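Keep in mind it's a predicted model, so treat the numbers as computed, not measured. Each residue takes its place number in the sequence, starting with 1.
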Amino acid sequence: MSMIKTEDVCNSFGKLDVLDHVSLTVEPKEVVCIIGPSGAGKSTFLRTLNNLEHINHGKIYIEDKLLAHYEQGERKLHLSARDTRNLLLGVGMVFQRFNLFPHKTALENTMLAPMNVRHKTEKEAREIGIELLNRVGLGNKLDAYPSKLSGGQQQRVAIARALAMEPRIMLFDEPTSALDPELVGEVLSVMKQLAEDGMTMVVVTHEMGFAREVANRAVFMENGRLVEEGSPEAIFQHPQNERLQQFLKAVL
């Protein structure tokens with residue numbers, strides 16, 4: 001069973017093609033890092049995987065179940081809101097911005113979704129939240145409000161909040177891009193631990209060191225297309241595509 005599969009996914013705004021026939025398969029426990037220049041369609045592609053962006057063409061499968069199917073702009077699959085929600089419950093996402101509730105403590109931020117969506121009791125949600133905040137190194141910040149946390153700490157709370165929903169897949173959309181450089185490492189270390197624990201992950205990132213070290217596979221996108229993919233060694237040391245070669249010279 002594949003965890004994620006897309007077939008010829010296209011997305012456009014008017015005459016602008018944002019995604020151009022993107023096909024990708026992610027296997028269980030695989031870490032796939034998507035790299036490329038700004039405007040390549042990386043974040044848009046990631047957001048299509050949990051229905052935050054709609055597609056105009058192609059198919060998206062989550063754990064071998066069809067989430068979306070369009071042909072030339074015509075919707076071919078009609079899932080109910082409940083079925084869509086149930087299918088996406090196994091997909092967690094961490095964004096560039098932390099989007100924590102400012103009037104809730106770190107622990108309260110992690111408890112809300114499990115209680116309201118998964119119908120956990122307050123006691124159950126609290127136990128899960130404490131465990132996860134300890135896991136991301138914030139066991140001493142349970143009662144801290146976001147305004148009292150650094151950017152790196154806030155992003156780690158956001159990761160704990162996503163994990164509290166017990167996802168089988170985690171999507172990361174440039175999770176360190178809004179952080180000061182000295183705070184990047186603490187977030188990446190949490191992500192590395194998740195990868196070591198066997199979490200299936202798709203990561204849009206500008207952190208080339210992370211992609212080289214942690215990814216099972218790296219994917220290069222340009223102009224809405226998946227241009228080249230392979231092992232980190234193949235992508236970073238033996239790139240075949242000329243545009244990828246130019247990109248790596250600029251960022252490494």
Self-check item: Any donor-acceptor pair under 3.5 Å from Lys42 side chain to Pro37 backbone
Solution: yes

Quiz prompt | Heavy atoms from other residues, nucleotides or ligands near CD of Glu122 exceed 12 (cutoff 6.0 Å) | solution = no

Self-check item: Check: Arg217 and Leu24 side chains under 4.5 Å, non-hydrogen atoms
Solution: yes

Exercise. Look at the side chain of Asn109 and the backbone N and O of Lys104, then say whether any donor-acceptor pair between them is shorter than 3.5 Å.
Key: yes

Practice problem: Report the C-alpha separation of Glu207 and Leu188 in whole Å, then their side-chain angles, then the decisive distance to 0.1 Å, and conclude whether the side-chain contact (heavy atoms from CB on, under 4.5 Å) test is met. | Solution: CA-CA 9 Å; Glu207 301 293 337; Leu188 294 181; 4.1 Å; yes

Self-check item: Of Leu133, Val136, Val94, Leu132, the residue whose pairing with Arg156 passes side-chain contact (heavy atoms from CB on, under 4.5 Å)
Solution: Val136

Quiz item: Do the side-chain N and O atoms of His238 and Gln240 include a donor-acceptor pair separated by under 3.5 angstrom?
Solution: no

Quiz item: When rounded to the nearest 0.5 angstrom, what distance separates CZ in Arg126 from CG in Leu142?
Solution: 8.5 Å

Quiz prompt | Minimum heavy-atom distance Leu87-Leu79, with the two atoms named | solution = CD2-CD1, 4.3 Å

Quiz item: Going from CG on Leu67 to NZ on Lys59, what distance comes out if it is rounded to the nearest 0.5 angstrom?
Solution: 13.0 Å

Quiz item: Can you find a heavy atom in the side chain of Glu222 that is under 4.5 Å from one in the side chain of Gln246?
Solution: no

Self-check item: Residue pair Met208 / Phe247, side-chain heavy-atom distance below 4.5 Å
Solution: yes

Quiz item: Which residues satisfy the side-chain contact (heavy atoms from CB on, under 4.5 Å) test with Lys29, sequence neighbours excluded?
Solution: none

Quiz item: Is the number of heavy atoms from other residues, nucleotides or ligands within 6.0 Å of CD (Glu182) greater than 12?
Solution: yes

Quiz item: Can you check whether Glu166 reaches Ile128 side chain to side chain, under 4.5 Å on heavy atoms?
Solution: yes

Self-check item: Transitive ILVMFWY side-chain link Phe236 to Ile34, under 4.5 Å
Solution: no

Self-check item: Joint hydrophobic cluster, Val204 plus Val187, side-chain heavy atoms closer than 4.5 Å
Solution: no

Exercise. Nearest 0.5 Å please: distance from the NZ atom of Lys76 over to the NE2 atom of His57.
Key: 10.5 Å

Quiz prompt | Minimum heavy-atom distance between Ile60 and Thr48, given as atom pair plus value | solution = CD1-O, 3.4 Å

Exercise. Provide the closest heavy-atom pair for Ala144 versus Leu149 in the form atom of the first, atom of the second, distance.
Key: CB-CD2, 3.8 Å

Practice problem: Assess whether side-chain contact (heavy atoms from CB on, under 4.5 Å) is satisfied between Thr176 and Phe210, documenting all intermediate values. | Solution: CA-CA 11 Å; Thr176 61; Phe210 175 84; over 6 Å; no

Quiz item: Counting distance only, does the side-chain N/O of Thr6 pair as donor-acceptor with the main-chain N or O of Val22 below 3.5 Å?
Solution: yes

Practice problem: Check whether Leu179 and Phe95 end up in the same hydrophobic cluster, where Ile, Leu, Val, Met, Phe, Trp and Tyr are linked by side-chain heavy atoms less than 4.5 Å apart. | Solution: no

Exercise. Rounded to the nearest 0.5 Å, what's the gap from CD1 on Ile169 to CE on Met199? Could you check?
Key: 9.5 Å

Quiz item: Does CZ in Arg75 sit with more than 12 non-hydrogen atoms of other residues, nucleotides or ligands closer than 6.0 Å?
Solution: yes

Practice problem: Count the heavy atoms belonging to other residues, nucleotides or ligands that lie under 6.0 Å from CD of Glu131, then report whether that count exceeds 12. | Solution: no

Practice problem: Any chance you could lay out the side-chain contact (heavy atoms from CB on, under 4.5 Å) test for Met93 and Leu49, step after step, and finish with the verdict? | Solution: CA-CA 10 Å; Met93 187 160 184; Leu49 300 180; over 6 Å; no

Practice problem: Heavy atoms only: give me the nearest Met1-Glu63 pair and the separation to one decimal. | Solution: SD-O, 3.8 Å

Quiz item: Does Glu124 come within less than 4.0 Å of Arg118, counting only side-chain N to carboxylate O?
Solution: no

Exercise. Step by step, work out the side-chain contact (heavy atoms from CB on, under 4.5 Å) result for Val219 and Phe45.
Key: CA-CA 12 Å; Val219 173; Phe45 176 66; over 6 Å; no

Self-check item: Side chains of Val18 and Phe13 in contact at under 4.5 Å (non-hydrogen atoms)
Solution: yes

